[in-house]
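To start, the structure itself, in structure tokens.
First listed ligand is number 1; within each ligand, the first listed atom is number 1.
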Amino acid sequence: MSKNEDILELYRENTMPTYSPSLVIASGKGVIVRDAENHSYYDFTSGIGVHNVGHCHPNVVDAIQAQATKLTHASNLFANEPAAVLATKLVSLSGLGGKAFFCNSGAEANEAAIKLARKWGAANGGRYGIVTFRQGFHGRTVTTLAATGRAWCQEGYDPLTPGFAYADFNDIESVKTAIDDKTVAVMVECIQGEGGVTPATPEFMTALRALCDEKNLLLICDEVQTGMGRTGDWFAWQGYGIKPDMFTLAKSLADGIPMGALVSNEKLADVFTPGSHASTFGGNPVAAAAALAVIATIEDENLLERAKEIGGLLKEALEATVDKYDQALEVRGKGLMLGLAIDGDPAEVVESLKSMGLLALTAKGNVVRFLPPLTLKEEDLEDAVDMINDALDELWGE
Ligand SMILES: *Cc1c(COP(=O)(O)O)cnc(C)c1O
């Protein structure tokens with residue numbers, strides 16, 4: 001058996017079958033990853049929206065190495081400098097004037113947002129209800145699963161945390177219907193990622209902010225997939241000209257070192273009090289140092305601009321496939337978060353892309369999803385587009 005197959009077999013025999021990998025990734029550099037036998041692939045998954053600055057960016061590697069020799073953990077009994085600087089930086093990039101809370105994942109960041117909303121709501125009219133959206137995705141803990149308005153991932157886990165109501169995305173009337181006198185917050189992804197790379201319309205986000213103001217509700221943006229430059233803004237809500245009361249980050253925050261964050265406005269900055277929420281590893285100095293290197297790299301390499309530029313080129317290339325094939329229906333998304341909606345099984349397209357040497361993802365609603373690193377070079381994009389065209393030609397060509 002091959003080295004890849006050996007590892008896959010060991011993995012399948014000894015890890016719970018929540019995932020079904022068909023490839024081993026052994027190393028990565030920039031947009032390229034290699035399997036255990038040194039075959040290379042263009043990684044247009046970025047580890048599911050994690051490597052916005054690419055695999056093993058030298059700035060991030062240096063920051064991790066330097067911090068690892070100094071201090072890897074101290075607990076929240078003590079402050080550490082990378083976490084303090086990172087919180088300051090995130091609050092400043094957001095312009096919300098509030099504070100940050102650190103944790104280790106997207107689900108945990110959303111869990112913190114939900115707890116903060118409830119704590120604020122308890123003191124503001126005894127309210128606890130949260131409205132989320134059908135086809136949304138907020139995580140896999142019992143509470144964030146309740147926030148995730150999708151039957152297929154909730155199945156088998158009843159009873160879920162009560163207090164959630166679901167509305168239709170991009171439909172403000174359905175939000176109004178979902179709100180009652182116990183509602184305290186609305187939680188939304190500016191672009192639904194797992195749900196199909198579906199952007200909120202500008203009118204919807206404006207109306208949602210106005211509705212939250214009118215009803216004294218908190219607006220929570222889940223930026224776990226859209227954040228850190230993915231859509232061409234630091235945070236996708238900035239592209240809508242609205243401000244949430246708080247937003248969450250994780251995936252791309254520390255380029256592969258597990259880290260989550262909740263960032264609030266001034267109103268919510270001191271709602272959590274000592275002991276009211278915590279996470280042992282939250283604000284871990286290695287993760288915080290990696291995140292600071294990610295932010296510096298996005299700034300130094302002008303990656304917000306690049307996400308727009310390179311994203312525009314990829315979007316054009318995908319739109320050309322819509323003109324060419326009846327099975328290619330529509331291109332959706334923003335910056336380097338793009339989806340090709342197809343008439344067919346997106347897993348088949350992903351498999352065909354893989355055989356060409358390109359890794360992509362699926363999303364719900366028959367979507368092939370592309371999340372390449374924001375550091376993607378034009379010549380690599382051209383190569384990748386050739387692979388996409390070859391794969392689609394093989395599947396759908398005459
Ligand atoms: C991935 C994702 C999450 C969950 O993040 P985990 O780190 O897997 O817990 C939450 N919200 C959105 C929008 C995501 O894309």
Protein contact to [atom] [nearest heavy atom, distance to 0.1 Å]:
| atom | answer |
| --- | --- |
| atom 7 (O) of ligand 1 | G106 N, 2.8 Å |
| atom 11 (N) of ligand 1 | D222 OD2, 2.8 Å |
| atom 2 (C) of ligand 1 | K251 NZ, 2.5 Å |
| atom 9 (O) of ligand 1 | A107 N, 2.7 Å |

Salt bridge or not for [X] and [Y], using N-O below 4.0 Å?
| X | Y | value |
| --- | --- | --- |
| E9 | R12 | no |
| E81 | K70 | no |
| D171 | K176 | no |

**Request:** Might you point out which heavy atoms bring P373 and D43 nearest each other, and give the distance in Å?
**Result:**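 The answer is CD-O, 3.5 Å.
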**N or O contact, A250 vs ligand 1, cut-off under 3.5 Å** =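 So ligand 1 has no N or O lying under 3.5 Å from an N or O of A250.
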**Request:** Report yes if some N/O of F137 lies less than 3.5 Å from some N/O of ligand 1; otherwise report no.
**Result:**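 Between F137 and ligand 1, an N or O pair is found under 3.5 Å apart.
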**Request:** Let me know which of N104, N284, N76 forms a side chain to side chain donor-acceptor pair (under 3.5 Å) with S279.
**Result:**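 Checked N104, N284, N76 against S279; only one passes side chain to side chain donor-acceptor pair (under 3.5 Å): N104.
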**Message:** Can you tell me which residue among T88, N265, D270 is in a side chain to side chain donor-acceptor pair (under 3.5 Å) with K99?
**Reply:**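 Of the listed options, the one satisfying the test is D270.
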**Request:** Examine the proximity of ligand 1 to I48 and report which part, side chain or backbone, both or neither, has a heavy atom under 4.0 Å away.
**Result:**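 Within the 4.0 Å criterion, I48 makes no contact with ligand 1.
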**Asked** Counting heavy atoms only, which part of H138 comes closer than 4.0 Å to ligand 1: side chain, backbone, both or neither?
**Response**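 Backbone only.
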Contacting atoms of ligand 1, where contact means under 4.0 angstrom from a heavy atom of [X]:
| X | result |
| --- | --- |
| S105 | 7 (O), 9 (O) |
| Q225 | 15 (O) |
| N110 | 10 (C), 11 (N) |
| E189 | 13 (C) |

**Asked** What about M259 and V91, same hydrophobic cluster or not, with Ile/Leu/Val/Met/Phe/Trp/Tyr joined at side-chain heavy-atom distances under 4.5 Å?
**Response**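 In one cluster with M259: V91, yes.
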**Message:** Students often mix this up, so state it plainly: with edges at 30° and 60°, are the rings of F169 and F204 parallel, tilted or perpendicular?
**Reply:**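 Answer is perpendicular, since the angle exceeds 60°.
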